[in-house]
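Order of the sequence lines fixes the chain letters, A, B, ..., with proteins taken first and strands second; residue numbering starts at 1 for each chain. The model shown is predicted, which means the values in this text are computed figures rather than measured ones.
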There are 2 protein chains.
Amino acid sequence: MKPSPKKQAGLNFPRPLVTVDVVIFTVLEDALKVMLVRRPSNPDDPFPGRWALPGGFIDVDRDASLLDCALRKLREKTGVAAPYLEQLGSWGGAHRDPRGWSATHAFFALMPARDLVPDQGVNAAQVEWMDAAAAGRKRLAFDHAEILASAIARLRSKVEYTSLPAFLLNEPFTLPQLQHTYEVVLGRAVDKSAFRKRMLDGGFMEEAGMVEGASGRPAMGYRLRDRSQAALFPRTFSPRDAEA
Amino acid sequence: MKPSPKKQAGLNFPRPLVTVDVVIFTVLEDALKVMLVRRPSNPDDPFPGRWALPGGFIDVDRDASLLDCALRKLREKTGVAAPYLEQLGSWGGAHRDPRGWSATHAFFALMPARDLVPDQGVNAAQVEWMDAAAAGRKRLAFDHAEILASAIARLRSKVEYTSLPAFLLNEPFTLPQLQHTYEVVLGRAVDKSAFRKRMLDGGFMEEAGMVEGASGRPAMGYRLRDRSQAALFPRTFSPRDAEA
DNA sequence: TAAATAGTGTCTTTCAGACAATATCTC
DNA sequence: GAGATATTGTCTGAAAGACACTATTTA
């Protein structure tokens with residue numbers, strides 16, 4: 001290794017571009033949806049007119065941290081202040097953005113569809129909830145297709161052993177509603193009895209009064225004890241299938 | 001939202017500093033060790049003389065990607081070309097580096113102690129394998145104590161349900177050696193019979209001839225089928241304890 | 001043969017999954 | 001009561017943990 005006197009001298013070496021992108025999931029009309037925004041059509045911008053994940057550059061004056069920046073992007077696009085939010089990973093390299101070496105910090109958010117504020121000042125035509133499966137097949141801007149694929153894989157994987165789907169529902173929610181959300185995300189049916197045992201034994205919910213449906217017997221409503229983190233189950237759903 | 005014409009104009013807004021840090025683990029002398037390096041003692045540098053994680057600025061001319069940069073840091077400090085390496089997360093904010101808004105991409109590496117090349121041109125006195133528990137109690141530079149704590153938590157957690165400890169051993173390794181490595185990382189004993197069943201059923205190893213120890217019966221040696229990723233087990237070790 | 005270590009067998013408990021049965025609501 | 005949905009109960013099979021037993025080496 002040779003010494004690099006430039007660093008000591010004053011940080012006057014080129015810096016990458018730094019962005020934050022957020023993969024925002026919700027369940028709407030019995031399907032897993034992801035939020036996409038359209039890139040500006042100005043041909044000087046990279047990927048004009050393409051669909052992309054919501055995100056953008058760090059603003060070193062306004063954002064105190066990466067998490068703050070992600071929360072700001074979320075607020076700007078959805079009006080939601082504090083959904084479930086975790087880090088997904090970072091993607092960086094010389095060629096992912098034609099404007100130069102860039103690195104993005106990707107986050108992963110879950111929110112109930114009904115928390116959404118329809119128009120937050122952003123042009124509504126530029127924002128869309130797209131089916132996750134359909135979005136995964138689209139040619140998105142930058143390396144966003146790869147980031148989205150990673151987010152979907154992470155979600156599917158964690159749904160097998162965590163209470164994450166509870167963050168996709170408004171409170172109070174019922175166990176049948178929660179089960180349905182699991183089934184939508186997993187793409188397969190799960191056993192009712194085993195499901196209820198698992199959720200109730202998990203101890204992450206508390207009762208919140210009866211909730212009446214359109215017909216049939218009313219169900220107990222529940223709310224999360226802690227909306228900041230998910231519960232972990234000691235096993236995944238149906239390990240038998242998982243090995244196949 | 002107000003428009004920000006600066007972005008369209010030409011990216012002439014301040015950019016954060018971007019670094020990559022690597023938490024490198026090994027098992028040495030029956031203990032989990034982590035590599036730390038000493039910060040330069042020059043008082044113009046941040047945190048002079050403090051212990052820190054190996055890492056440094058992205059070099060936009062040499063590093064094609066974040067992963068490349070992490071591999072370069074690894075090579076420079078350890079001489080090892082391709083250990084187990086995964087992303088841990090990113091930490092960024094206005095105050096973690098006194099020189100300005102900075103973001104670091106943290107990685108997480110596992111390697112066998114015997115792969116290490118003693119001196120790679122770096123001043124050996126500035127590099128040390130420290131007990132993970134002891135390092136976790138030290139006041140490290142930047143927010144490296146937080147990053148290290150996160151890495152240790154991630155390692156402990158994943159050891160419960162993955163084959164990660166196999167990456168801490170030289171090949172061929174025996175099942176008793178592997179079990180011992182699990183026990184060192186987990187900090188508790190595991191049952192021999194259940195352990196062997198789990199590892200052999202996992203199907204991630206292949207036989208590599210008998211290995212003789214100092215005394216006693218020789219054991220079958222194994223090597224990994226795929227050194228690029230760990231195997232996942234359907235359950236964690238002893239879920240009974242995990243709930244307590 | 002004793003000591004040391006590797007490897008196997010067996011019993012028990014736990015718990016998820018399957019699925020049937022029962023409960024509570026509306027019309 | 002019929003239909004719809006929620007909730008509970010019972011049986012079974014798979015797999016992990018506990019722990020004793022057997023096997024193979026060196027001294």
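Atom CE of Met199(B) and atom P of dA6(C) are 16 Å apart (whole Å). In this structure, Arg188(B) atom CZ and dA18(D) atom P are separated by 10 Å, rounded to whole Å. The CZ-C1' distance, from Phe195(B) to dA16(D), rounds to 14 Å in whole Å. As rounded to whole Å, 16 Å separates atom P of dA6(C) from atom CD of Glu207(B). Look at NZ on Lys192(A): it is 14 Å from P on dA4(D), rounded to the nearest Å. What separates CG of Leu178(B) from P of dG7(C) is a distance of 12 Å, to the nearest Å. In this entry the distance linking CG of Leu200(B) with P of dA6(C) reads 14 Å, nearest Å. The CG atom of Leu186(B) sits 12 Å away from the P atom of dG17(D) (whole-angstrom rounding).
Nearest to the side chain of Lys197(A), among dT8(C), dG17(C), dT7(D), sits dG17(C). Distance from the side chain of Leu175(A) is smallest for dT7(D) among the nucleotides dC19(D), dA16(D), dT7(D). Distances were taken from every side-chain heavy atom of Arg235(B) (C-beta onward) to each of dA6(D), dA6(C), dA16(D); the shortest belongs to dA16(D).
Counted within 6.0 Å of CZ on Arg225(A), heavy atoms from surrounding residues, nucleotides or ligands total more than 12; the atom is thus considered enclosed. When the shell of 6.0 Å around CD of Glu212(B) is examined, it contains 12 or fewer heavy atoms from other residues, nucleotides or ligands.
Atom CZ of Phe167(B) is separated from atom CZ of Phe25(B) by 15.0 Å, given to the nearest 0.5 angstrom. Rounding to the nearest 0.5 Å gives a distance of 9.5 Å between CZ of Arg96(A) and CH2 of Trp91(A).
In terms of polar N and O atoms assigned as donor or acceptor, the side chain of Ser193(A) comes within less than 3.5 Å of the base of dG9(D) in a complementary pairing.
Thr26(B) places a side-chain N or O within 3.5 Å of a backbone atom of Ala113(B) that can act as its donor or acceptor partner.
Between Arg156(B) and Glu160(B) there is no salt bridge, since none of the side-chain N atoms of the basic residue sits less than 4.0 Å from a carboxylate O of the acidic one.
When the nearest nucleotides of DNA chain D are assigned to Ala219(A) and Asp191(A) by heavy-atom distance, the more 5′-ward of the two goes with Ala219(A).
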Tabulate atom names and distances for all N/O pairs under 3.5 angstrom spanning the protein and nucleotides 25-27 of chain C.
none

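In terms of the ring-ring contact (aromatic ring centres under 6.0 Å, His included) criterion, residue partners of Tyr182(B) (sequence neighbours excluded) are, by chain and number, Phe195(B), Phe237(B).
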